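These notes concern the structure reproduced below.
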Amino acid sequence: VTVTSGVPTLKAGESALITFTFTEAQLDFSVADVMLVGGTLGAVTAADIDGKIYTATFTPNVDTTVDASITVGTPYADAAGNARVVNESPVIAIDTEVPLAPTLAEGASADGGVAVTAEESALVTLTFTNSANNKVVEKTIDAVAAEAQTVVLTADDMSSLGDGTINVSAVVTDAAGNVSQPSLTSF
């Protein structure tokens with residue numbers, strides 16, 4: 001049996017289509033015949049009329065970086081009575097660890113400065129909005145050494161946003177593409 005994955009990596013909220021391809025037709029192949037590490041497998045369904053190809057959806061465990069292992073176990077036989085052998089597992093790198101939300105504090109400047117602290121090497125996206133006029137300004141920074149960095153809006157940014165309360169939402173995106181919960185503040 002050959003086991004393949006539709007994707008080589010998974011992040012939080014993603015799943016992979018797993019394909020099991022046999023050289024002979026199978027009798028009663030099910031999720032019970034599969035050994036898993038790092039997640040769960042949905043129902044196994046036949047993908048062809050010959051009973052040689054089956055698929056199932058693999059969902060990684062939450063909040064982990066343990067790579068997936070998906071193997072078809074033994075002992076059992078195919079429709080022709082041939083004993084099956086343990087297969088090589090596809091390598092699916094998993095990173096479902098969602099980064100911590102950034103910390104926001106009003107900065108020292110009166111012109112829209114916001115101090116941001118986030119995990120080192122994370123990408124932080126700040127969205128400034130004025131609900132009174134539906135104007136939006138977005139800024140992106142790379143977090144450095146988990147130290148506070150001040151993001152200051154330019155005069156053009158402040159002019160675009162206009163008068164009123166400015167709401168700030170910030171999220172962190174890690175190297176795997178996992179996105180934190182937002183942090184919120186206003187000034």
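Bear in mind that the values here come from a model prediction, so they are computed numbers and not experimental data.
Judged by distance alone, the side chain of Gln26 and the main-chain N or O of Glu24 form a donor-acceptor pair under 3.5 Å. The backbone N or O of Ser131 lies less than 3.5 Å from no partner atom in the side chain of Thr129, so there is not a single donor-acceptor pair. Side-chain atoms of Gln149 do not come within 3.5 Å of backbone N or O of Thr117 as any donor-acceptor pair. In this structure, Asp48 contributes its side chain and Lys52 its backbone to a donor-acceptor pair below 3.5 Å. A donor-acceptor contact shorter than 3.5 Å is absent between the side chain of Ser15 and the backbone of Thr57. A distance-only check finds a donor-acceptor pair linking the side chain of Asn133 to the backbone of Lys135 [under 3.5 Å]. Looking at Asp95, its side chain never comes within 3.5 Å of a backbone N or O of Ala176 through a donor-acceptor pair. Using modelled atom types, no side-chain atom of Asn61 and backbone atom of Thr64 make a donor-acceptor pair closer than 3.5 Å.
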Requested in this report: Step by step, work out the side-chain contact (heavy atoms from CB on, under 4.5 Å) result for Thr55 and Phe20.
Outcome: CA-CA 6 Å; Thr55 59; Phe20 302 88; over 6 Å; no

Requested in this report: Applying side-chain contact (heavy atoms from CB on, under 4.5 Å), run through Ser69 and Thr71 and close with a yes or a no.
Outcome: CA-CA 7 Å; Ser69 172; Thr71 55; 4.3 Å; yes

**Report entry** Verdict with supporting geometry, Val44 and Phe29, side-chain contact (heavy atoms from CB on, under 4.5 Å)
**Finding:** CA-CA 8 Å; Val44 174; Phe29 181 64; 3.6 Å; yes

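With sequence neighbours left out, the side-chain hydrogen bond (donor to acceptor under 3.5 Å, both in side chains) criterion links Asp157 to Lys139, Thr154. Applying the side-chain contact (heavy atoms from CB on, under 4.5 Å) rule to Asp142 yields the partners Leu123; only residues at least two apart in sequence or on another chain are considered.
Just one residue in the list Val179, Leu126, Val124 forms a side chain to side chain contact (heavy atoms under 4.5 Å, CB included) with Val171, and that residue is Val179.
Between Ile70 and Ile92 there is a side-chain heavy-atom pair separated by less than 4.5 Å. Side-chain atoms of Thr103 and Val116, non-hydrogen and from C-beta on, never get closer than 4.5 Å to each other. Contact of the Pro102 side chain with the Ser180 side chain is registered, since non-hydrogen atoms from C-beta on lie closer than 4.5 Å. Residues Leu17 and Phe58 are not in side-chain contact: their nearest non-hydrogen atoms beyond the backbone lie 4.5 Å or more apart. With contacts defined as side-chain heavy-atom distances shorter than 4.5 Å, the pair Val136/Thr127 qualifies. Taking 4.5 Å as the limit, every side-chain heavy atom of Phe128 sits out of range of all side-chain heavy atoms of Asn167. Here the side chains of Phe187 and Val168 are in contact, with some heavy-atom distance below 4.5 Å. In this structure, Thr21 and Val1 have side chains that are not in contact, with every pair of non-hydrogen atoms separated by 4.5 Å or more.
Annotation for Glu138: atom CD counts as buried by contact number, over 12 foreign heavy atoms lying within 6.0 Å.
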